[in-house]
Colleague: 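Can you keep this structure in mind? I'll have questions shortly.
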Amino acid sequence: MLTLFWHTRQSEMHPPLGAIEQHGPHLPLIVDAAISAAVTGKALASLDASIPAYALPPLYYGKSNEHCHFAGTIMLSAQTLLAVIGEIADSIYRAGFRKLVLMNARGGQPQVMEIAARDIHQKYQDFSVFPLFVWRVPNVAAELLTAKELEFGIHAGDAEMSLMLSILPSQVKMELAVTEYPKNLPIDSLVSREGNLPFAWLTRELTESGVLGDVTVATKEKGSRILESLSDGWAQVIKDVHKFRQPGSSATSNVRDVTDVTDVSPMEE
């Protein structure tokens, strides 16, 4: 990753955030961090040199306690992760940066990123903080994965296996590939594993292998297409963050006045 030697107040810092956790017998422990670092690096490499965006080395450890029963998982508590991110932010702010993108690839910690971002911005109100998730940019995964995989293949499945075949093929053991989907999920219920009305769960309650998805259909070609689309999406995010001005700040360029909007959707906190 890039290291910092020069900056302006409009520079962005992007620390890739991942985890060290079991991803079945076929993938290494660093999947989330590897994906975050690969997407960040590829996106930054595609940018025009006039955009001052930088990346820190990845933060490998994350909140992974739902995987705690599977060997290899090394986890931080939510409180520790919040403290670590907060102190990293202190240093970045002290260095003169005023934009921080928490570039998270770990599916179990977006809520921690959101809490951290709000706390950091409340502490430094001229510091814009973006708690973002790698997979939420436009990408081609929906075109390449089955409907079942899109809904249930959330851990060490087709998408992550394909990406790792593209990013770190030497660390993938295709001969050990396992396919397993969640068991005993609620049926005909408003309550679901994910979504608007979720229940708390541990990985071992859903899978015996630690895998949630179909790994046998993964390919390097599929992974390369997903990586390219994620990187393109993130390059646009970085450009948008560069243009971003915090609402209420003295800088008003590229700010949308919601009083001019005629079709307003309900606001959600």
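The analysis underlying the following values was restricted to heavy atoms, covering all of them including side chains, and did not include hydrogens, waters or symmetry mates.
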Colleague: Distance from Leu82 atom CG to Gln109 atom CD, nearest 0.5 Å?
Modeller: 10.0 Å

Colleague: Please give me the minimum heavy-atom distance between Thr216 and Ala177, naming the atom from each residue.
Modeller: CG2-CB, 4.5 Å

Colleague: Within the distance-only criterion (no hydrogens, no angle test), does the side chain of Ser162 pair as donor or acceptor with the backbone N or O of Thr219 below 3.5 angstrom?
Modeller: yes

Colleague: Can you confirm whether Lys222 sits close enough to Leu165 that some side-chain heavy atom of one is under 4.5 Å from a side-chain heavy atom of the other?
Modeller: no

Colleague: Would you compute the distance between atom CD of Glu143 and atom CZ of Arg225 and round it to the nearest 0.5 angstrom?
Modeller: 6.5 Å

Colleague: Let's go through Ile167 and Ile35 carefully: what are the C-alpha distance in whole Å and the side-chain angles of both, what is the deciding distance for side-chain contact (heavy atoms from CB on, under 4.5 Å) to 0.1 Å, and is it a yes or a no?
Modeller: CA-CA 8 Å; Ile167 296 169; Ile35 291 172; 4.2 Å; yes

Colleague: Under the 3.5 angstrom rule, does the side chain of Ser229 hit a backbone N or O of Val140 as a donor-acceptor pair?
Modeller: yes

Colleague: Which one of Glu180, Gln22, His26 satisfies the side chain to side chain donor-acceptor pair (under 3.5 Å) criterion with Ser209?
Modeller: Glu180

Colleague: Distance-only, no hydrogens or angles: does the Lys63 side chain make a donor-acceptor pair with backbone N or O of Val112 under 3.5 Å?
Modeller: no

Colleague: So how far is it from Ser192 OG to Glu151 CD, rounded to the nearest 0.5 Å?
Modeller: 8.5 Å

Colleague: Hydrophobic cluster membership, with links at side-chain heavy-atom distances under 4.5 Å among I/L/V/M/F/W/Y: are Leu163 and Val217 in one?
Modeller: no

Colleague: Do Leu132 and Leu102 come close enough that some side-chain heavy atom pair is under 4.5 Å?
Modeller: no

Colleague: Taking the side chain as everything from C-beta on, heavy atoms only, tell me whether Met103 gets closer than 4.5 Å to Phe130.
Modeller: no

Colleague: Do Leu150 and Val134 belong to the same hydrophobic cluster, where Ile, Leu, Val, Met, Phe, Trp and Tyr are linked whenever their side-chain heavy atoms lie under 4.5 Å apart, directly or via other members?
Modeller: no

Colleague: Would you confirm whether Ser224, through its side chain, and Lys220, through its main-chain N or O, come within 3.5 Å as a donor-acceptor pair?
Modeller: yes

Colleague: Membership question, hydrophobic clusters at under 4.5 Å side-chain separation (ILVMFWY): are Ile154 and Ile226 in the same one?
Modeller: no

Colleague: Let me confirm one number: the CD-NE2 distance from Gln171 to His23, rounded to the nearest 0.5 Å.
Modeller: 14.0 Å

Colleague: With a cut-off of 6.0 Å (strictly less than), are more than 12 heavy atoms of other residues, nucleotides or ligands near OH of Tyr60?
Modeller: no

Colleague: Looking at every non-hydrogen atom in both residues, tell me the closest pair between Ala235 and Ser46 and how far apart they are.
Modeller: CB-OG, 3.6 Å

Colleague: Minimum heavy-atom separation for Pro15 and Val101, please, with both atom names.
Modeller: CD-O, 2.9 Å

Colleague: Taking all non-hydrogen atoms of both residues, which atom of Arg245 and which atom of Lys99 are closest, and how far apart?
Modeller: NH1-NZ, 3.4 Å

Colleague: Indicate yes or no: at least one non-hydrogen side-chain atom of Leu206 is less than 4.5 angstrom from one of Leu185.
Modeller: yes

Colleague: For the hydrophobic clusters of this structure (ILVMFWY residues joined by side-chain heavy atoms under 4.5 Å, transitively), does one cluster hold both Leu176 and Phe70?
Modeller: no

Colleague: Let's go through Tyr54 and Leu56 carefully: what are the C-alpha distance in whole Å and the side-chain angles of both, what is the deciding distance for side-chain contact (heavy atoms from CB on, under 4.5 Å) to 0.1 Å, and is it a yes or a no?
Modeller: CA-CA 7 Å; Tyr54 305 85; Leu56 291 171; over 6 Å; no

Colleague: Under the 3.5 angstrom rule, does the side chain of Glu205 hit a backbone N or O of Leu202 as a donor-acceptor pair?
Modeller: yes

Colleague: Check whether any side-chain heavy atom of Val137 lies under 4.5 Å from a side-chain heavy atom of Leu230, and answer yes or no.
Modeller: yes

Colleague: Could you walk me through whether Gln246 and Phe127 pass side-chain contact (heavy atoms from CB on, under 4.5 Å), step by step?
Modeller: CA-CA 9 Å; Gln246 190 74 39; Phe127 200 8; over 6 Å; no

Colleague: With side chains defined as the heavy atoms from C-beta onward, is the minimum distance between Leu100 and Ile88 less than 4.5 Å?
Modeller: no

Colleague: Taking side chain as C-beta onward, heavy atoms only, is Arg193 less than 4.5 Å from Phe152?
Modeller: yes

Colleague: For a quick test of reading the model, state the closest non-hydrogen atom pair linking Val211 to Ala156 and the distance between them.
Modeller: CG1-O, 3.7 Å

Colleague: Out of curiosity, Ser50 OG to His242 NE2, how far, rounded to the nearest 0.5 Å?
Modeller: 6.5 Å

Colleague: With a 4.0 Å cut-off on N to O distance, would you call Asp214 and Lys148 a salt bridge?
Modeller: no

Colleague: Could you pull out the closest heavy-atom pair between Gly210 and His155, with the gap in Å?
Modeller: O-CD2, 3.0 Å

Colleague: For Glu208, does the CD atom have more than 12 heavy-atom neighbours from other residues, nucleotides or ligands under 6.0 Å away?
Modeller: no

Colleague: For salt bridge (charged side-chain N to carboxylate O under 4.0 Å, His left out), just list the numbers for Asp48 and Lys239, CA-CA rounded to whole Å, side-chain angles, deciding distance to a tenth of an Å, and then say yes or no.
Modeller: CA-CA 10 Å; Asp48 186 274; Lys239 294 174 186 176; over 6 Å; no

Colleague: Look at the side-chain heavy atoms of Ile, Leu, Val, Met, Phe, Trp and Tyr, link any pair under 4.5 Å apart, and say whether Leu212 and Leu144 land in one connected group.
Modeller: no

Colleague: Does a side-chain heavy-atom distance below 4.5 Å link Met113 with Ile85?
Modeller: yes

Colleague: As a quick check of understanding, evaluate side chain to side chain donor-acceptor pair (under 3.5 Å) for Gln236 and Asp240, giving each step before the final call.
Modeller: CA-CA 6 Å; Gln236 184 59 52; Asp240 289 346; 2.9 Å; yes

Colleague: Let's go through Met161 and Val172 carefully: what are the C-alpha distance in whole Å and the side-chain angles of both, what is the deciding distance for side-chain contact (heavy atoms from CB on, under 4.5 Å) to 0.1 Å, and is it a yes or a no?
Modeller: CA-CA 8 Å; Met161 182 70 155; Val172 175; 3.3 Å; yes

Colleague: Please round to the nearest 0.5 Å and tell me the distance separating atom CD1 of Ile92 and atom OH of Tyr124.
Modeller: 10.5 Å

Colleague: Is it true that a side-chain atom of Ser231 and a backbone atom of Lys42 form a donor plus acceptor pair closer than 3.5 Å?
Modeller: no

